[in-house]
Amino acid sequence: MTSNEATTPPGARTGSTGAVDAAPPGRPAADRVTSRDVARAAGVSQAAVSLVLGDKWRGRVSPGKAEAVRAAARELGYRPNLAARSLRTGRTRTVLLVVPALTTEFFARVYTGAARVAADHGLGVVLYPSSEGIGPSHPAPATPGAGPVRAPSVPDPFDSAAATLDGVIASSMAAEALTALRAADLPLVMLDSDPDDDRATATVNLDIADGVRQLTGHLTALGHRRITHLAADVRSWTFEVRARAVSENLSRVPGVRLRRLPAALGVDAGLRAAHTALTGPGPRPTALLCDDDIIAAGACKAVRRLGLRVPEDVSVTGFDDLALAVAVEPELTTVRLPAEDFGEAGMRALMAALDGRPDRAPTLPVELVARGSTAPPADAPENAARPGG
């Protein structure tokens, strides 16, 4: 008896390499989809299917045929036999995606994009939400006036990473966690992180600085000169970039008076920070520039509770373009971040590293979306009065 005969379930079919093709759940054994079926549906050879699904097609298969193979595989429900492939390649075909705690849909969309590319190439994705993105054994940032908040007890995924994973995609992680991953000698792709950090195999970023440039340009073009930046109170490269870009862009506009107040990532925190900004001494700001849509939602509540109006009295802007941005009234002017494309780019960068062809990862463009929460500042003299008397 050959090894193939010993490992092939009754009724299963094998591809040209002898590996068993897995059937989608519920599909009869006699009707399992093979790479030959995918090749026939896409009008290509089995070799082309192997190249495309192994992500080794560039320069050998046309982009149109590659997309036809992926579409046929999805339509037919084809899934390669990962166990057999692992034996041939020495890989587990599993990667870890580490993101901050899933408190908004942004990182869920990042996962969706990453998982879509992974599925097209027979990889599995394990999602690990690290509280506030700072690693499994460290306290989360504290709310002002409260003690440190410990992350929920979650098994540390890094102890056995080298044995169970092929690589890692991580966003906004602390140096301690990065050190643990590098000790495991795994390819590491960082999202939204310092591109000069040599601990990462590759870094994929959004053009955050350009998003801030678009946003500050929008506000100053409307005539705003008294602007308060409600800055996310989170130690992270991306928020450092936002703060620096706000200062640099507004410093070029004559007459701008910029103030910065920290705010945790939450509606209540945004409300408190905005209330402080709007009721503090001196002329009231005409615009609140928020680091995040959630902070901006809190800022809008603060404006209304003070008897003011958005945008007639105070303009408010966000960042991310979450679903929340169109749930508030007026809808929020914000910067749209392509979260799914971000996840896709991160997964492609990791696959390139696994194939020994790491390349300079892309910086993805972002887009200003102007909605009803911004308008020219009011010209009335009472616009500079402190609310509440």
Side-chain angles (χ1 to χ4, degrees), residues 144 208-233 239-320 325 328-335 368-389:
I208 297 298
D210 184 61
V212 173
R213 180 194 61 78
Q214 295 180 53
L215 197 57
T216 54
H218 172 71
L219 288 175
T220 55
L222 289 172
H224 292 280
R225 294 298 182 267
R226 298 193 305 279
I227 299 173
T228 294
H229 178 202
L230 300 188
D233 192 15
F239 291 119
E240 292 172 1
V241 169
R242 296 178 202 203
R244 187 164 57 248
V246 167
S247 297
E248 290 175 354
N249 283 280
L250 292 181
S251 69
R252 303 188 186 108
V253 182
V256 167
R257 298 174 62 180
L258 172 65
R259 185 185 181 195
R260 179 171 287 116
L261 290 174
L265 294 177
V267 173
D268 288 344
L271 187 154
R272 290 191 297 269
H275 185 276
T276 298
L278 295 169
T279 59
R284 183 176 77 226
T286 63
L288 299 175
L289 189 156
C290 305
D291 264 354
D292 175 271
D293 290 346
I294 298 176
I295 295 175
C300 290
K301 291 181 71 173
V303 173
R304 288 192 296 272
R305 289 187 181 185
L306 289 167
L308 302 171
R309 299 165 299 168
V310 177
E312 291 85 353
D313 300 305
V314 183
S315 287
V316 178
T317 66
F319 216 95
D320 286 353
V328 298
E329 183 63 41
E331 294 182 353
L332 196 61
T333 292
T334 187
V335 173
L368 173 72
V369 182
R371 298 191 179 105
S373 69
T374 51
D379 293 327
E382 61 269 19
N383 187 48
R386 178 178 174 178

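Put simply, the side chain of Arg260 reaches to within 4.5 Å of the side chain of Ser247, judged on heavy atoms. With contacts defined as side-chain heavy-atom distances shorter than 4.5 Å, the pair Arg242/Ile208 qualifies. Looking at heavy atoms from C-beta onward, Val314 lies out of side-chain contact with Pro285 at the 4.5 angstrom threshold. Side-chain contact check for Val253 versus Arg225: some heavy-atom pair is nearer than 4.5 Å. At least one side-chain heavy atom of Pro283 sits under 4.5 Å from a side-chain heavy atom of Arg257. At least one side-chain heavy atom of Asp313 sits less than 4.5 Å from a side-chain heavy atom of Arg284.
To the nearest 0.5 Å, atoms CG (Leu368) and CZ (Phe319) are separated by 9.5 Å. The CG atom of Asp320 lies 8.0 Å from the CD1 atom of Ile294; values are rounded to the nearest 0.5 Å. In this structure, the separation between CD1 on Ile295 and CG on Leu288 is 11.5 Å, given to the nearest 0.5 Å. Here Thr317 contributes atom OG1 and Gln214 contributes atom CD; the two are 12.5 Å apart, rounded to the nearest 0.5 Å. Atom-to-atom distance recorded for Leu278:CG and Thr286:OG1 is 10.5 Å, nearest 0.5 angstrom. The distance from the CD1 atom of Ile227 to the CG atom of Leu258 is 7.0 Å, given to the nearest 0.5 Å.
Counting non-hydrogen atoms of neighbouring residues, nucleotides and ligands closer than 6.0 angstrom, the NE2 atom of His275 reaches no more than 12 such neighbours.
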Problem - Derivation of the side-chain contact (heavy atoms from CB on, under 4.5 Å) call for Asp291 and His229 - result: CA-CA 8 Å; Asp291 264 354; His229 178 202; 2.9 Å; yes
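The backbone N or O of Arg371 sits nowhere less than 3.5 Å from a side-chain atom of Glu331 that would complete a donor-acceptor pair. Looking at His224, its side chain never comes within 3.5 Å of a backbone N or O of Val256 through a donor-acceptor pair.
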